[in-house]
Amino acid sequence: CSNIGEKKIDYTKQIPENGNISKAITEKIGKNLHCKRDHPLNIIKKKIQYHFQNELSDKEHRFQFFDSFEPKVTVKENFDELLFPVDHIGRSANDTYYFGGDQLLRTHTSAHQSQLLRSEKKAFLVTGDVYRRDTIDAVHYPVFHQMEGVKVFKNKVNNFIDGKPFDETIDYYEDSHYKQLSSVKDVENDLKQSLESMIRSVVGQDLKVRWIDAYFPFTSPSFEMEILFQGEWLEVLGCGVVHPKIMNNCGLSNDRAWAFGIGLERLAMILFNIPDIRLFWTNDNRFHNQFKGIDKSDSSSSFLSDINIKGVQFQQFSKYPSCFKDVSFWIEDESNFHENKFYEFVRESCGDLVERVDLVDKFTNKKLNKTSHCYRIHYRSMDRNLTNEEIDLLQFNLREKLENHLSVKLR
Ligand code: PHE
């Protein structure tokens, strides 16, 4: 919510002309880890697909799988059609990778919802790589994988009970009458039951699950699912009833639908006890060999078989020590500096040897009216010891390029 008098930023007018996609990111496009047999992300994907194919499909809803949509999509597909307001921070070039023009790297698999709804698909799962500019640590990486699920309920909108199928004047995010309609409640209940059964079939039958109210521009009501894992409640997915305006725009004004989106890395890290998200990208066989042979399914058959992952736990092979170096600088142009730009710069400059970057100090010199940031960069390799000399060199190169790149002054 914005304060009265506060100017809203129209991010649709700030799309960078020449894009903001670094080489490190470009190299990830097309890797399609979720399609590589025996990759943990592929195993998780198939387990979920198996459940939808065998337990959650019925005559009217045979779940179809789409695993190879290109991650390059339009602003319209990723944001506009999903009713993101123009001042939604997700649209900003600090959060999203733009090619320039109106093309971007999808930030979520929801970018394909409208297209598939228009083509009258009634039940589908879309899996793909998604991209977000983000901080660097063991659980955040600017590329990860999501699976989107949608199920359409035909002729669910009863004009007699529901009033007009779609009414511009209703605020569907807030309207309690809408949320109480039996057609909406039915869809909500089916959604929750389906996802609870799915997550239990993947993680374990006695898993504790709870639902938290949430907000997404493209669903109402919206929820997040949390699961109790090793004493902690962890958020695993977002979901909701598809906003009536989207149904209307897709020519489905008499129907309702539910949708969900789940992050695959998160789930794989929990299930297999994988401690660092960078491992999904490694070529090291000491990682990949641990997942070989678990998937016994016949890849030529269109029917999946369930994969037994009981007891599959990743055994850490790298406890190579980490080391850290600090870098401090004055920010010359406050309005142009964004932490994500710095994180990205570090990744671009030093690659995957950077395990984590923390802001360890920040202060403003009142007299000079300047702010200083100090960042601690943690270096660690997954497969070898790093030498002092190579880290010094990385840090030296980083410092050299930093001033030109980000209009800051090293201290
Ligand atoms: N796209 C949302 C995200 O990335 C997840 C979501 C999908 C929520 C579908 C609701 C419905 O966070």
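Atom set for the values below is all heavy atoms of this structure, side chains included, hydrogens, waters and symmetry mates excluded. Not measured: the values here are computed from a predicted model.
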Which side-chain N or O atoms in residues 206-217 pair as donor and acceptor under 3.5 Å with protein atoms at least two apart or in another chain?
from: Arg210; atom 1: NE; to: Glu226; atom 2: OE1; distance (Å): 2.8
from: Arg210; atom 1: NH2; to: Glu226; atom 2: OE1; distance (Å): 2.8
from: Trp211; atom 1: NE1; to: Glu196; atom 2: OE2; distance (Å): 2.7

Reference residue Phe66; test side chain to side chain contact (heavy atoms under 4.5 Å, CB included); the match among Thr109, Leu125, Leu116: Leu116

Phe272 ring center near Phe291 ring center (under 6.0 Å): yes

Pairs touching residues 385-397 that satisfy side chain to side chain donor-acceptor pair (under 3.5 Å), sequence neighbours left out: Lys325-Asp392, Tyr379-Gln395, Arg384-Glu390

Centroid-centroid distance, His34 to Phe65, less than 6.0 Å: no

Under the side chain to side chain contact (heavy atoms under 4.5 Å, CB included) test, residues paired with Ser335 that sit two or more places apart: Asp333

Passing candidate, side chain to side chain contact (heavy atoms under 4.5 Å, CB included) with Arg347, options Asp352, Asp134, Val354: Asp352

Arg278 backbone acceptor or donor facing Asp276 side chain under 3.5 Å: yes

Pairs satisfying side chain to side chain donor-acceptor pair (under 3.5 Å), at least one member in residues 255-270, at least two apart: His145-Glu265, Lys154-Asp255, Asp162-Arg256, Ser183-Arg256, Asp190-Trp258

Heavy-atom donor-acceptor pair, Asp175 side chain to Tyr178 backbone, under 3.5 Å: yes

Indicate every side-chain donor-acceptor pair of residues 228-247 with a distance under 3.5 Å to a residue at least two apart or in another chain.
from: His243; atom 1: ND1; to: Lys245; atom 2: N; distance (Å): 3.0

Shortest non-hydrogen separation from Thr107 to Gln146 and the atoms involved: O-OE1, 4.5 Å

Asp295 (side chain) donor-acceptor with Asp38 (main chain) under 3.5 angstrom: no

Under 3.5 Å: donor-acceptor pair, side chain of His51, backbone of Val202: no

Side-chain donor/acceptor of Ser57 to backbone N/O of Asn54, under 3.5 Å: no

Backbone N/O of His112 and side chain of Arg106: donor-acceptor pair under 3.5 Å: no

Polar side chain donor-acceptor pair, Lys341 to Asn336, under 3.5 angstrom: yes

Close aromatic pair by centroid cut-off 6.0 Å: Phe260 and Phe223: no

Check: Asp58/His61 side-chain N/O donor and acceptor closer than 3.5 Å: yes

Summary of ring pair (Phe, Tyr, Trp, His ring centres under 6.0 Å) pairs that have at least one residue in residues 115-134, sequence neighbours excluded: none

